[in-house]
A.B. asks: 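Structure incoming, see below.
Numbered from 1 within each chain, the chains take letters A, B, ... in sequence-line order. Since this is a predicted model, take the numbers as computed values, not measurements. Only this structure's heavy atoms are used, side chains among them; waters, hydrogens and symmetry mates stay out.
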Amino acid sequence: MSDLQPARGTHDILPDEMRGHRRVIDTARAVAERYGYDEMATPIFEFSRVFKRTLGDTSDIVTKEMYSFTDKGGDEITLRPENTAGVARCFMSEGLAQNAPVRLFYAGPMFRYERPQKGRLRQFHQIGIENIGTPGALADIEVIATGAHILDALGVRDRTVLELNTLGDGESRDAYRAVLVEYLQTRIGELSGESRERLTRNPLRILDSKDEGDRRVVADAPIFSDYLNEASQAFFAEVREGLDALGIAYAINPRLVRGLDYYSHTAFEFTTEALGAQGAVMAGGRYDGLIGMMGGSPTPGVGWAAGIERLAMLCGDPPPARRPIAVVPVGDAARIPALTLSEGLRRAGFRVDMAAGGNLAKRMKRANKIAAVAAVILGEDELARGSATVRDLQSGTQEEAPLASLADRLARYR
RNA sequence: GUGGCUGUAGCUCAGCUGGUUAGAGCACCGGAUUGUGGAUCCGGGGGUCGUGGGUUCAAGUCCCAUCAGCCACCCCA
């Protein structure tokens with residue numbers, strides 16, 4: 001039994017759930033397309049250094065969540081824990097800088113070695129967009145608007161809140177970090193052990209700590225916005241102005257931080273209360289430093305990623321499957337004619353299920369069970385007349401129709 | 001990675017302080033109905049009680065371990 005279970009934190013996506021995923025992906029892709037995004041895909045695994053260099057040596061993802069292994073050729077490989085690094089790598093190795101700015105949409109599985117919970121899996125799926133090569137705040141606004149639009153289209157927007165913050169540019173962040181560390185040093189005794197470690201590696205993260213002692217210390221900490229230089233303030237102001245103009249509500253959350261240096265300016269998250277502890281549904285921001293850090297020529301970028309499972313959960317019951325037409329042969333002589341009829345209807349665009357086995361009653365039962373919209377009954381009587389009986393399984397009414405015009409008769413069931 | 005809760009049929013669950021062949025509803029299969037489904041009635045199949053060990057005359061029930069899920073922390077999508 002246990003070795004027949006899917007590995008921890010993974011699960012099979014059966015047709016019902018798959019339709020839920022499909023709805024999220026298809027909706028997102030269609031909306032993103034209106035904003036100029038084209039779908040692409042990067043490999044599911046990359047050389048480990050792509051993520052290590054990109055996510056930093058201190059991030060949780062790199063230190064404890066990567067699925068890494070050495071392949072038979074001795075290469076260090078990692079299953080992608082997120083896709084921005086892969087897209088950035090692709091941007092460079094495929095020479096996309098020639099076409100910059102590029103707008104890319106993706107959907108696919110990601111892998112993180114975490115302790116599973118509802119809405120948190122080891123293999124999960126994300127959709128995301130990346131706008132690479134566009135520097136201004138307008139791009140940030142539009143990226144957020146694309147996300148908001150997708151949440152609208154999925155009908156879940158009213159259950160989410162947009163949290164917004166700015167990380168400023170590098171200069172502002174360096175200035176603030178220095179002041180912050182200086183302040184925290186004076187109260188280091190009150191910090192949690194974890195935060196003491198973060199003090200050297202990742203001090204901004206302390207602002208987001210949920211430890212009570214940390215929070216008391218953080219409450220009196222210098223305020224980041226006081227250290228934003230003029231350019232950073234102007235950038236953030238424009239982002240807010242744009243969101244206001246588009247009627248996209250947001251809540252400024254000064255504790256919304258990103259630990260990594262290549263992030264700058266806009267950071268945002270659409271969160272929800274409806275999913276328990278896993279509240280983040282769509283998260284993103286600006287990563288102007290990323291491509292430079294990976295060895296490319298400095299190129300700005302903005303984007304977000306969203307969890308398909310989480311969005312699908314918010315959406316509720318998946319749409320029902322398309323209802324088929326059941327072709328029901330009666331008697332041996334009808335078998336082959338029913339087969340060719342089925343094939344013809346499929347060529348004409350219908351979803352067709354041909355019942356086999358059992359008597360007519362059994363086949364009708366089956367037709368009912370698979371939620372067929374109609375049954376096309378083909379027996380010797382009909383064959384002799386070159387027709388078929390079409391029974392509407394909703395109303396129970398039926399009529400005979402010539403085979404030649406059957407597809408037209410069935411048109412409303414397509 | 002830490003702490004807590006849970007694990008009985010495909011699904012939802014019952015099974016009292018350990019005590020005969022482990023039950024129900026739904027679902028599934030067959031029949032009533034060999035050219036007509038949904039309703040009803042009758043019948044049937046299906047469980048190594050998550051797994052492994054231990055205690056006991058006796059374990060679904062108690063103990064330990066392990067696996068998985070869930071909840072919180074952590075982190076995030």
A.B. asks: Counting only side-chain nitrogens and oxygens, does A:Lys369 get under 4.0 Å of the OP1 or OP2 atom of B:C29?
C.D. replies: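 For B:C29, OP1/OP2 do have a side-chain N/O of A:Lys369 under 4.0 Å.
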A.B. asks: Could you work out the separation of B:U21 and B:G60 based on their P atoms and round it to a whole Å?
C.D. replies: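 Result for the P pair: 10 Å, nearest Å.
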A.B. asks: NA contact type, A:Glu382, heavy-atom cut-off 4.0 Å: base, sugar-phosphate, or nothing?
C.D. replies: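 The answer is base, as A:Glu382 lies within the cut-off (heavy atoms under 4.0 Å) of a base atom.
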A.B. asks: Measure from the side chain of A:Glu65, starting at C-beta and using heavy atoms only, and say which of B:U34, B:U36, B:C75 lies closest.
C.D. replies: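 Per side-chain heavy atoms of A:Glu65, the pick is B:C75.
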A.B. asks: Under 4.0 Å between any heavy atoms, over every strand shown, what does A:Gly128 touch: base, sugar-phosphate, or nothing? Just pick one.
C.D. replies: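 No contact at all - A:Gly128 keeps every heavy atom at 4.0 Å or more from the nucleic acid.
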A.B. asks: Provide, to the nearest angstrom, the distance between the NZ atom belonging to A:Lys365 and the C1' atom belonging to B:U34.
C.D. replies: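 One finds 14 Å between C1' of B:U34 and NZ of A:Lys365, rounded.
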A.B. asks: Would you mind classifying the nucleic acid contact of A:Glu269 as base, sugar-phosphate or nothing, using non-hydrogen atoms under 4.0 angstrom?
C.D. replies: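 Nothing, no heavy atom under 4.0 Å.
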A.B. asks: Given B:G35, B:A32, B:G69, which nucleotide is nearest the side-chain atoms of A:Val330?
C.D. replies: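 Looking only at side-chain atoms, A:Val330 lies closest to B:G35.
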A.B. asks: In terms of side-chain geometry, is the basic nitrogen of A:Arg409 or A:Glu399 positioned less than 4.0 Å from the acidic oxygen of its partner?
C.D. replies: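 Yes, A:Arg409 and A:Glu399 are salt-bridged.
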A.B. asks: Only Watson-Crick and G-U wobble pairs with both distances less than 3.5 Å should count. Give RNA chain B in dot-bracket notation, marking inter-strand partners with |.
C.D. replies: (((((((..((((.....[...)))).(((((.......))))).....(((((..]....))))))))))))....
A.B. asks: Using only heavy-atom distances, decide whether a donor-acceptor pair under 3.5 angstrom links the side-chain of A:Gln394 to the base of B:G38.
C.D. replies: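 Result: no qualifying N/O pair found.
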A.B. asks: Report yes if at least one side-chain N or O of A:Lys362 is closer than 4.0 Å to OP1 or OP2 of B:G37; otherwise report no.
C.D. replies: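 A:Lys362 to B:G37 OP1/OP2: no side-chain N or O under 4.0 Å.
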A.B. asks: In whole Å, what separates the C1' atom of B:G37 from that of B:A24?
C.D. replies: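 Here B:G37 and B:A24 have their C1' atoms 28 Å from each other.
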A.B. asks: Just checking A:Ile127: base, sugar-phosphate only, or nothing, at a heavy-atom cut-off of under 4.0 Å?
C.D. replies: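 Nothing, no heavy atom under 4.0 Å.
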A.B. asks: What nucleic acid atoms does A:Arg363 come within less than 4.0 Å of, heavy atoms only: base, sugar-phosphate, or nothing?
C.D. replies: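 Since no nucleic acid heavy atom lies under 4.0 Å of A:Arg363, the category is nothing.
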A.B. asks: Could you tell me how far B:U6 sits from B:C13 if I compare only their C1' atoms? Round to whole Å.
C.D. replies: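 Taking atom C1' in both B:C13 and B:U6, they lie 14 Å apart.
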A.B. asks: Say you pick atom C1' in B:G30 and the same atom in B:G69; how far apart are they, in whole Å?
C.D. replies: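 Approximately 36 Å lies between the C1' atom of B:G30 and that of B:G69.
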A.B. asks: Heavy atoms only, 4.0 Å cut-off, all strands: where does A:Met110 land among base, sugar-phosphate and nothing?
C.D. replies: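 Since no nucleic acid heavy atom lies under 4.0 Å of A:Met110, the category is nothing.
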A.B. asks: Using a heavy-atom cut-off of 4.0 Å across all strands, would you classify A:Gly9 as base, sugar-phosphate, or nothing?
C.D. replies: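 A:Gly9: backbone/sugar contact only, no base atoms under 4.0 Å.
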A.B. asks: Contact class for A:Gly396 vs. all strands (heavy atom < 4.0 Å): base, sugar-phosphate, or nothing?
C.D. replies: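 A:Gly396: base contact, heavy atoms under 4.0 Å.
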A.B. asks: Indicate, with a heavy-atom threshold strictly under 4.0 Å, whether A:Glu309 touches base, sugar-phosphate, or nothing.
C.D. replies: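 Nothing: the residue A:Glu309, judged by heavy atoms under 4.0 Å, touches no strand.
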A.B. asks: Using heavy atoms to find the nearest nucleotide of RNA chain B for A:Gln126 and A:Ala7 separately, return the residue whose nucleotide is more 5′.
C.D. replies: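 Closest to the 5' end, via its nearest nucleotide, is A:Ala7.
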A.B. asks: Under a 4.5 Å cut-off applied to non-hydrogen side-chain atoms, are A:Asn83 and A:Thr42 in contact?
C.D. replies: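 Touching, per the 4.5 Å side-chain cut-off.
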A.B. asks: Take atom P in B:U17 and the same atom in B:C63, then report the distance between them in whole Å.
C.D. replies: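 B:U17 and B:C63 have their P atoms separated by 13 Å.
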A.B. asks: Can you find an N or O donor on one side and an acceptor on the other, under 3.5 Å apart, linking the side chain of A:Arg391 with the base of B:G37?
C.D. replies: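 Result: at least one qualifying N/O pair found.
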A.B. asks: With heavy atoms under 4.0 Å as the rule, sort A:Ala280 into base, sugar-phosphate or nothing.
C.D. replies: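 Counting heavy atoms under 4.0 Å across all strands, the contact made by A:Ala280 includes a base.
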A.B. asks: Could you tell me if the side chain of A:Leu104 sits less than 4.5 Å from the side chain of A:Val87, heavy atoms only?
C.D. replies: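 Yes, side chains in contact.
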A.B. asks: If you define the side chain from C-beta out and look only at heavy atoms, does anything of A:Asp392 sit under 4.5 Å from A:Gln398?
C.D. replies: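 No - every pair of side-chain heavy atoms lies 4.5 Å or more apart.
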A.B. asks: If you check every side-chain atom of A:Leu393, which of B:C75, B:G35, B:G37 has the closest atom?
C.D. replies: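 Comparing B:C75, B:G35, B:G37 against the side chain of A:Leu393, the answer is B:G37.
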A.B. asks: Go through B:C71, B:A68, B:G31 for me and flag the one nearest to the A:Gln117 side chain.
C.D. replies: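 From the listed options, B:C71 comes nearest.
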A.B. asks: Confirm from the modelled atom types if A:Asn368 and B:G37 form a donor-acceptor pair under 3.5 Å, side chain to base only.
C.D. replies: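 Between B:G37 and A:Asn368, which were checked side chain against base, a qualifying N/O pair under 3.5 Å is present.
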A.B. asks: Quick one: which of B:C75, B:C70, B:U36 gets closest to the side chain of A:Glu114?
C.D. replies: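 Comparing B:C75, B:C70, B:U36 against the side chain of A:Glu114, the answer is B:C75.
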A.B. asks: Taking the side chain as every heavy atom from C-beta outward, state whether A:His265 and A:Phe236 have any atom pair closer than 4.5 Å.
C.D. replies: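 They are not in side-chain contact.
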A.B. asks: Provide the distance between the two C1' atoms, one in B:A9 and one in B:A27, to the nearest whole Å.
C.D. replies: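 Between the two C1' atoms, the distance is 11 Å.
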A.B. asks: Establish, for the pair A:Arg122 and A:Phe124, whether the NZ or CZ atom is under 6.0 angstrom from the six-membered ring centre and no further than 45 degrees off its axis.
C.D. replies: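 No - A:Arg122 does not lie over the ring of A:Phe124 by the 6.0 Å and 45° rule.
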A.B. asks: What integer number of Å spans the C1' atoms of B:G47 and B:G7?
C.D. replies: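 It works out to 14 Å between them.
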A.B. asks: Mind checking whether A:Tyr287 and A:Tyr262 have ring centres under 6.0 Å apart?
C.D. replies: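 No, the ring of A:Tyr287 stays outside the 6.0 Å limit from the ring of A:Tyr262, centre to centre.
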A.B. asks: State whether A:Phe105 and A:Arg29 meet the cation-pi test: NZ (Lys) or CZ (Arg) under 6.0 Å from the six-membered ring centroid, and within 45° of the perpendicular axis.
C.D. replies: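 Judged by the rule (NZ or CZ under 6.0 Å from the ring centre, within 45° of its axis), A:Arg29 is not positioned above A:Phe105.
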A.B. asks: Can you tell me which nucleotide in B:C75, B:G35, B:A68 comes closest to the side chain of A:Arg120?
C.D. replies: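 Ranking B:C75, B:G35, B:A68 by closest atom to the A:Arg120 side chain puts B:C75 first.
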A.B. asks: Is there a donor and acceptor pair closer than 3.5 Å between the side chain of A:Arg310 and the base of B:C76?
C.D. replies: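 Indeed, a donor on one side and an acceptor on the other fall under 3.5 Å apart.
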A.B. asks: For RNA chain B, whose closest nucleotide is more 5', that of A:Arg8 or that of A:Leu275?
C.D. replies: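 Residue closer to the 5' terminus by nearest nucleotide: A:Arg8.
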A.B. asks: Look at the side chain of A:Arg112 and decide which nucleotide, out of B:A77, B:G35, B:G69, has an atom nearest to it.
C.D. replies: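 Within the option list, the nearest is B:A77.
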A.B. asks: When you measure from the side chain of A:Gln278, which nucleotide among B:U36, B:A32, B:C76 comes out closest?
C.D. replies: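 For A:Gln278, the side-chain atoms sit closest to B:C76.
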A.B. asks: When you compare B:C41 with B:C57, how far apart are their C1' atoms, in angstrom units rounded to a whole number?
C.D. replies: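 Their C1' atoms lie roughly 47 Å apart.
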A.B. asks: Find out whether the Lys NZ or Arg CZ of A:Arg49 is both under 6.0 angstrom from the six-membered ring centre of A:Phe47 and within 45° of the ring's axis.
C.D. replies: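 Flagged: A:Arg49 positioned over aromatic ring of A:Phe47.
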A.B. asks: Starting from C1' on B:C76, measure out to CD on A:Glu82 and report it in whole angstrom.
C.D. replies: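 Nearest whole value for this atom pair: 12 Å.
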A.B. asks: Looking at side-chain heavy atoms only, is the closest gap between A:Pro318 and A:Met18 below 4.5 Å?
C.D. replies: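 No, too far: nothing below the 4.5 Å cut-off.
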A.B. asks: Would you say the side chain of A:Arg115 and the base of B:G3 hold a donor-acceptor pair, judged only by whether the two atoms sit under 3.5 Å apart?
C.D. replies: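 Checked by distance alone, the answer is yes.
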